[in-house]
Amino acid sequence: MHKNLKIFNSLSRKIELFEPLNTPNVGLYVCGPTVYGDPHLGHARPAITFDILYRYLQHLGYKVRYIRNITDVGHLENDADEGEDKIAKKARLEQLEPMEVVQYYTDRYHEFMKLLNVKSPSIEPRASGHIIEQLGIVEKILEKGYAYESNGSVYFDVEKYNKEHKYGVLSGRVLEDLYSSTRDLEGQSEKKNSFDFALWKKASPTHIMRWPSKYSDGFPGWHLECTAMSARYLGETFDIHGGGMDLLFPHHECEIAQSVIAHGHGPAKYWMHNNMITINGQKMGKSLGNFITLEEFFTGKHQLLKQAWTPMTIRFFILQAHYRSTVDFSNEALEAAGKGLKRLMEGMAQIEKIKAGKNDQFNVEEWSDKCFEALNDDLNTPVLIAHLFDAVKAINSAVAGKIEMSENSVKQLHDLFRLLVVEILGLETETAAEETSETLSGVMDLVLNIRQQAKMNKDWATADKIRDELLAMGIVVKDGKEGATWEVK
RNA sequence: GGUCGGUUGGCCGAGUGGCUAGGCAACGGUCUGCAAAACCGUCUACGGCGGUUCGAAUCCGCCACCGACCUCCA
């Protein structure tokens, strides 16, 4: 019923109505991590952004096949495709088999994604497991004459491609500009032009990750894996291709070129790109060395961090900004996010305590429409969150007896709030209180009863002592009109 | 240098040609034995200069500053 999701398509640079190629099925492909280092805050952004999309599409009733790859080969370290494979390098440094490195960081990635409550994709293919498919595409492109062999490597001929097709449709690049801007990289290259990109790279004698092919013992070029794996699992044309904005050029541009030649058309109907997380106004990234890993956030062990932040605070922090805007990290921003999240989650819990009345001073339907409108508007989570806070205000007022809500409204609000917060935004209560044992709650009832007695006897010393010492143990006592409640901090 | 994007109140962050999100912080009040929580209220911003318009933070132009991409990056 709310099926008028609109998304910003990087290809047209416009907001478009989302219409699947083959309703109710939706194919979604997102570029995953290169597993050669611990996941940092920047990795959390696309994971969470597309997690929201995945969850929301499912909520809308689509059957979604979500592919997020693991890049474990062929990602070259230096410019001009002349560098050393990232994973192989790390492996040599640490005296490990490359696949050990891959396994370790893949596990780490999964571990942290799980903490962030990011759902697993339907399929998580590895580049190294699809060498045959990639070689198949190399073959096709060679056959069609848009690639050339050079010293055992195969390169895509961008200049030739650009004559019949437009290179740069996604990024807005013009080939002529690339001649000048990349001029100084030429020289010892095997490539005809510096902007040609590798489809297959011959491995140097010391290179450990290698596969046989008729061109050479080598490994596939970076852009090829996504073309091969998306085609294999989603078909040659699918609905949405996503990734970070930094992948827009050259990675996604090259994917389109490869696909156009190999399959006769671009891979995806919609392209979506999330913006970067910045730190002091600069992109947080590996190359700048200004990144903070997720583990550091969760433990607080980083010189720039004032304290540890919970996974849900990180998630909420990211969702408070629109995915196409940059979001600037700071302790203050995280602190504000953490407190806001607490208010939101407590508000959700308070719904249970509303005593339904006769009048209805909160229009749930109108509110609900606004919430879905925000989601439909290119996944505008910050606006959705603003609406959620409006509801929190109403909930608190209702609990305080300042406004009335009908029984039906309370029920609707309860269900909708949970749907939006838990199912779609993927926010969960993190307090240990969730796992409160019967024993503890029994003990707490007793303790609070004794305190209540003390209060009635105006024995403030005892009452305060109980409150203060519970606080020291991490249990917050909240006095209310109907007696005290408590929660584990 | 080229291409693209941004500049919003103390901070973070939405947004729209007129009805002026939200969170955090701050201040005042209600409640409370005190406090916390909660509630109510206050704080009215859109880089600069021009232009279009009855009306612009929102559209156009110029300028300034910041950033992304052009090499690996989410």
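Only this structure's heavy atoms are used, side chains among them; waters, hydrogens and symmetry mates stay out. By convention in this document, chain letters (A, B, ...) are assigned in the order of the sequence lines, proteins followed by strands, and residues within each chain are numbered from 1. The structure presented is a predicted model; accordingly, all values stated were derived computationally and were not measured.
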Below 4.0 Å: OP1/OP2 of [N] and any side-chain N or O of [X]:
X	N	result
A:N396	B:C39	yes
A:K402	B:U30	no
A:R343	B:C39	yes
A:K339	B:A25	yes

Please state the C1' separation for the pair B:U53 and B:U58 - nearest whole angstrom. 13 Å
Please state the P separation for the pair B:C39 and B:A25 - nearest whole angstrom. 12 Å
Who are the side chain to side chain donor-acceptor pair (under 3.5 Å) partners of [X], not counting sequence neighbours?
X	result
A:N275	none
A:Q350	none
A:K353	none

Would you check if the distance from the ring center of A:Y270 to the ring center of A:H241 is below 6.0 Å? no
Are the aromatic rings of A:H223 and A:H252 close, with centres under 6.0 Å apart? no
Short N-O contact, A:K370 and A:D390, less than 4.0 angstrom: no
Where each pair must be Watson-Crick or G-U wobble with both distances under 3.5 Å, what dot-bracket representation of RNA chain B is obtained, with crossing pairs in [ ] and other-strand partners as |? (((((((..(((.....[...))).(((((.......)))))....(((((..]....))))))))))))....
Which residues pass the side chain to side chain contact (heavy atoms under 4.5 Å, CB included) test with A:L115, sequence neighbours left out? A:F112, A:F298, A:P311
Sugar-phosphate atoms are those with a prime plus P, OP1 and OP2; base atoms are the rest. Using that split, label each nucleotide of nucleotides 3-16 of chain B B, S or - for protein heavy atoms under 4.0 Å, 5' to 3'. SS-------SSSS-
Is there aromatic stacking of A:F389 against B:G23, centre distance under 5.5 Å, plane angle under 30°? no
From CG of A:N280 across to P of B:C65 the rounded distance in Å is 20 Å
Starting the side chain at C-beta, find the nucleotide from B:A36, B:C70, B:G33 nearest to A:F249. B:C70
